[in-house]
Amino acid sequence: MPFSHHSHSGQFCLHAQDTLEQMIEAAIAKGMIVFSLTEHMPRDCVEDLYPEETAAHQTPFDLFRNFKDYYDAALRLRARYQHRIHLLVGFEVDYIRPSSIPLIRNLQSIYKFDFFVGSVHHVNTIPIDFDRQMYLRALESVGGTEDKLFEAYFDAQYEMLTRLRPAVVGHWDLIRLFSENPARPLVEYGPGVWNRVERNVNFVLSYRGLTELNSASFRKGWDEPYPRRDLAELVMAGGGRFTISDDSHCVSEVGLNYNRLLGYIRDIGLQEVYYLEKLPMGEMAINVLDACAVRSLTVDQLAQERFWEL
């Protein structure tokens, strides 16, 4: 039962391609059983607009209107495809500053999402994964050293985690993407970084959140997914639970590099993976995050699915 808990479409995200329906059809064609729709949350400050949004003359109002359109479209498509694939309707949160928290909670009160992916893409309100130039601006904002930048990132992540308790923690170590050496073990950045990593992991373990093994890093030149082995092994040591995502932004990225992801899962010795499933009306489950039940299957069961033959 291959699945993904993280995706975007060009219909509602300017740095993606293809329509939401085309993404769903691609997931069906590739044998996925569970596919999550998780467009980005809107941002309410003009200074948080990305270059492509500014170039398109978008405003925060446009982002909110786009988000509503996404939600409406996602519900329609779920009804249309419910007999062919299990679709989860969610969104990806983006913690930028303390005021992000009430904004996210307001969105949750307005829309009835199944779950959300908890992510951080900024340090000191500066994007750290958009390009190398912006990463260097964020680096300069903390004094020019990567250990301080990583500390600030994991502090922002901790604020997001403790205030929101996301069902799925998105690309844990995204901060490494444009660093000088993405493969450098986090422990080598010193106790200030590693202690924060341990703190964040322990908190997610405390509420049994899912750690996303995200294959998008492969298409960005990495040899491992997010999170890299050092962080993944820390989660494993505490009995943490993992799910898998492609973080697709177009049809060709749906399920992309899942063979490499499966190899990584086997290599680190993971025995079981988890996925979310929306509960039917009236069903109760002991282990629930947001409006979804947490299901599991062994890695051997995962490897036997039809997906790998297509």
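- For the pair R260 and D223, the salt-bridge criterion is not met [side-chain N within less than 4.0 Å of a carboxylate O].
- Closest heavy-atom contact between H5 and S245: N-OG, 3.2 Å.
- The distance from atom CD1 of I128 to atom CD1 of I175, rounded to the nearest 0.5 Å, is 4.5 Å.
- Between D247 and K220 no salt bridge is recorded (no basic side-chain N to carboxylate O distance below 4.0 Å).
- Under the 30°/60° scheme for interplanar angles, the aromatic rings of F203 and Y158 are found to stand perpendicular.
- Atom OH of residue Y264 and atom CD of residue E224 lie 5.0 Å apart, to the nearest 0.5 angstrom.
- By the 4.0 Å N-to-carboxylate-O rule, D300 lies close enough to R266 to be salt-bridged with it.
- Atom NZ of K112 and atom CD of Q108 lie 10.0 Å apart (nearest 0.5 Å).
- One N or O on the side chain of Q11 and one on the backbone of L20 form a donor-acceptor pair closer than 3.5 Å.
- Shown here are the salt bridge (charged side-chain N to carboxylate O under 4.0 Å, His left out) partners of E198, two or more places apart in sequence or in another chain: there are none.
- A donor-acceptor distance shorter than 3.5 angstrom exists from the side chain of N66 to the backbone of F12, with no hydrogens or angles considered.
- Remark: the backbone N or O of Q301 is not paired with any side-chain donor or acceptor of Q304 at under 3.5 angstrom.
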### Task
Start with the C-alpha distance between E92 and H6, add both sets of side-chain angles, then the distance that settles side chain to side chain donor-acceptor pair (under 3.5 Å), and finish with yes or no.
CA-CA 8 Å; E92 183 179 14; H6 194 162; 3.1 Å; yes
### Task
Verify side chain to side chain contact (heavy atoms under 4.5 Å, CB included) between W172 and Y226, making sure each step is shown before the conclusion.
CA-CA 6 Å; W172 265 95; Y226 309 110; 5.8 Å; no
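- Nearest heavy-atom pair across F154 and R196 is CB-CB, 3.9 Å.
- No donor-acceptor pair closer than 3.5 Å links the side chain of S248 to the backbone N or O of C250.
- Contact between S7 and L37 at its shortest, heavy atoms only, is OG-CA, 3.7 Å.
- For the pair M32/V254, a side-chain contact is recorded, criterion being any heavy-atom separation below 4.5 Å from C-beta on.
- A 4.5 Å side-chain heavy-atom check between V193 and E146 finds every atom pair outside the cut-off.
- For the pair R295 and Y274, the cation-pi criterion (under 6.0 Å, within 45° of the ring axis) is not fulfilled.
- Judged purely by atom type and a 3.5 angstrom limit, R132 uses its side chain to pair as donor or acceptor with the backbone of F178.
- Using a 4.5 Å cut-off on side-chain heavy atoms (C-beta onward), H249 and H15 make contact.
- Residues S296 and E272 have side chains that bring a donor and an acceptor to within less than 3.5 angstrom of each other.
- Atom CD of Q82 is surrounded by more than 12 heavy atoms from other residues, nucleotides or ligands within 6.0 Å.
- Under a 3.5 Å cut-off, the side chain of Y95 and the backbone N or O of I101 do not form any donor-acceptor pair.
- Between the side chain of H40 and the main chain of D94, no donor-acceptor pair closer than 3.5 Å is present.
- The aromatic rings of H121 and H171 sit perpendicular to each other, their planes meeting at more than 60°, with 30° as the lower class boundary.
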### Task
Carefully, step by step, assess N200 and V204 under the rule side chain to side chain contact (heavy atoms under 4.5 Å, CB included).
CA-CA 6 Å; N200 293 12; V204 174; 5.8 Å; no
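- Proximity of a side-chain donor or acceptor of Y207 to a complementary backbone N or O of P166 within less than 3.5 Å is detected.
- Between E140 and R137, none of the side-chain N atoms (NZ, or NE/NH1/NH2) sits under 4.0 Å from a carboxylate O, so this pair counts as no salt bridge.
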